[in-house]
Amino acid sequence: MIEIVHTPIDVEAVLESVRDPGAGALDLFLGTTRNQTKGRSVLWLEYEAYEPMARGLMERIAREAGERWGITKISIVHRIGRVAVGETSVAIAVSSAHRNEAFLACRYAIDDLKKNVPIWKKEVFADGGHWVGMEGSGPGVSD
Amino acid sequence: MISVHVHCFAGARDLTGWSEREIPLPDGANTADLLAALIGAHPSLAAWKAFLRLAVNAEYAGPATALRDGDAVAVIPPVSGG
């Protein structure tokens with residue numbers, strides 16, 4: 001299951017999608033939205049994606065995780081649009097014969113997703129908002 | 001002349017003020033030429049130049065990737081999914 005969704009993520013369905021009789025381990029990672037960043041209160045998060053490219057890269061991550069660790073199944077689901085504080089923005093589930101491969105593949109998937117998949121997060125405050133990674137008027141410039 | 005369809009996302013869209021636009025370029029232009037044209041039209045992009053990635057037809061492209069008429073180019077600011 002590789003999906004970009006505009007509605008709340010059904011975490012149970014993501015987990016069940018990787019359950020397999022050949023697997024002895026299921027690993028689940030959830031990214032959830034924090035209520036503060038650097039001491040400022042976050043009202044909600046706004047996610048945007050370049051969907052066809054994001055989905056393609058998520059499929060590539062799943063393929064590479066499979067080739068590298070020989071896992072049984074992997075699902076990656078990212079939510080976009082407005083996400084309230086405390087809700088799940090991304091869910092990654094991995095099954096494998098043994099736990100080590102599941103942990104490693106899951107870690108790889110979230111790290112690569114955060115580095116390369118064209119999805120953006122805007123933190124919205126009472127007095128405005130900013131795209132994470134583009135705060136200020138230039139790199140290292142805060143305003 | 002060729003024309004490419006440029007799509008600015010997230011923080012890049014905030015800096016250019018537009019989401020999608022057709023940009024004409026000379027024959028033989030590459031991704032570096034396009035980025036230079038965008039920065040020329042929108043100087044606020046300059047500070048972020050080293051952090052912007054371009055994708056051509058939904059694949060990350062290097063700085064000297066040749067562009068063809070009708071290509072779809074995405075301007076990808078620092079990503080922050082997860």
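The analysis underlying the following values was restricted to heavy atoms, covering all of them including side chains, and did not include hydrogens, waters or symmetry mates. Every chain is numbered from 1, with letters handed out A, B, ... down the list of sequences.
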Would you indicate whether [X], at its atom [atom1], is surrounded by more than 12 heavy atoms from other residues, nucleotides or ligands within a distance under 6.0 Å?
| X | atom1 | answer |
| --- | --- | --- |
| A/R60 | CZ | yes |
| B/E59 | CD | no |
| A/R107 | CZ | no |
| A/H98 | NE2 | no |

For the student: nearest non-hydrogen atoms of B/A58 and A/M53, plus distance: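 Answer, listing the atom of B/A58 first, then A/M53: O-CG, 3.3 Å.
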Non-hydrogen atoms of chain A under 4.5 Å away: do they reach the side chain of B/F9, the backbone, both or neither?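 Both backbone and side chain.
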Would a 4.5 Å heavy-atom cut-off, applied to side chains only, mark B/P77 and A/W131 as touching?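 Side-chain contact under 4.5 Å: no.
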Tell me, for [X] versus chain B, whether the close heavy atoms (under 4.5 Å) come from the side chain, the backbone, both or neither.
| X | value |
| --- | --- |
| A/I92 | neither |
| A/Y47 | side chain |
| A/V132 | both |

Chain A interface, residue from B/A46, B/S44, B/P78 that has the most non-hydrogen pairs under 4.5 Å: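 Heavy-atom pair counts peak at B/P78.
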Side-chain donor or acceptor of [X] paired with backbone N/O of [Y] under 3.5 Å:
| X | Y | result |
| --- | --- | --- |
| A/S89 | B/G82 | yes |
| B/W48 | A/M134 | no |
| B/Y60 | A/N116 | yes |

When heavy-atom pairs shorter than 4.5 Å are enumerated against chain B, which of A/K115, A/K122, A/R79, A/H130 gives the highest number?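 Among A/K115, A/K122, A/R79, A/H130, the one with the most close pairs to chain B is A/K115.
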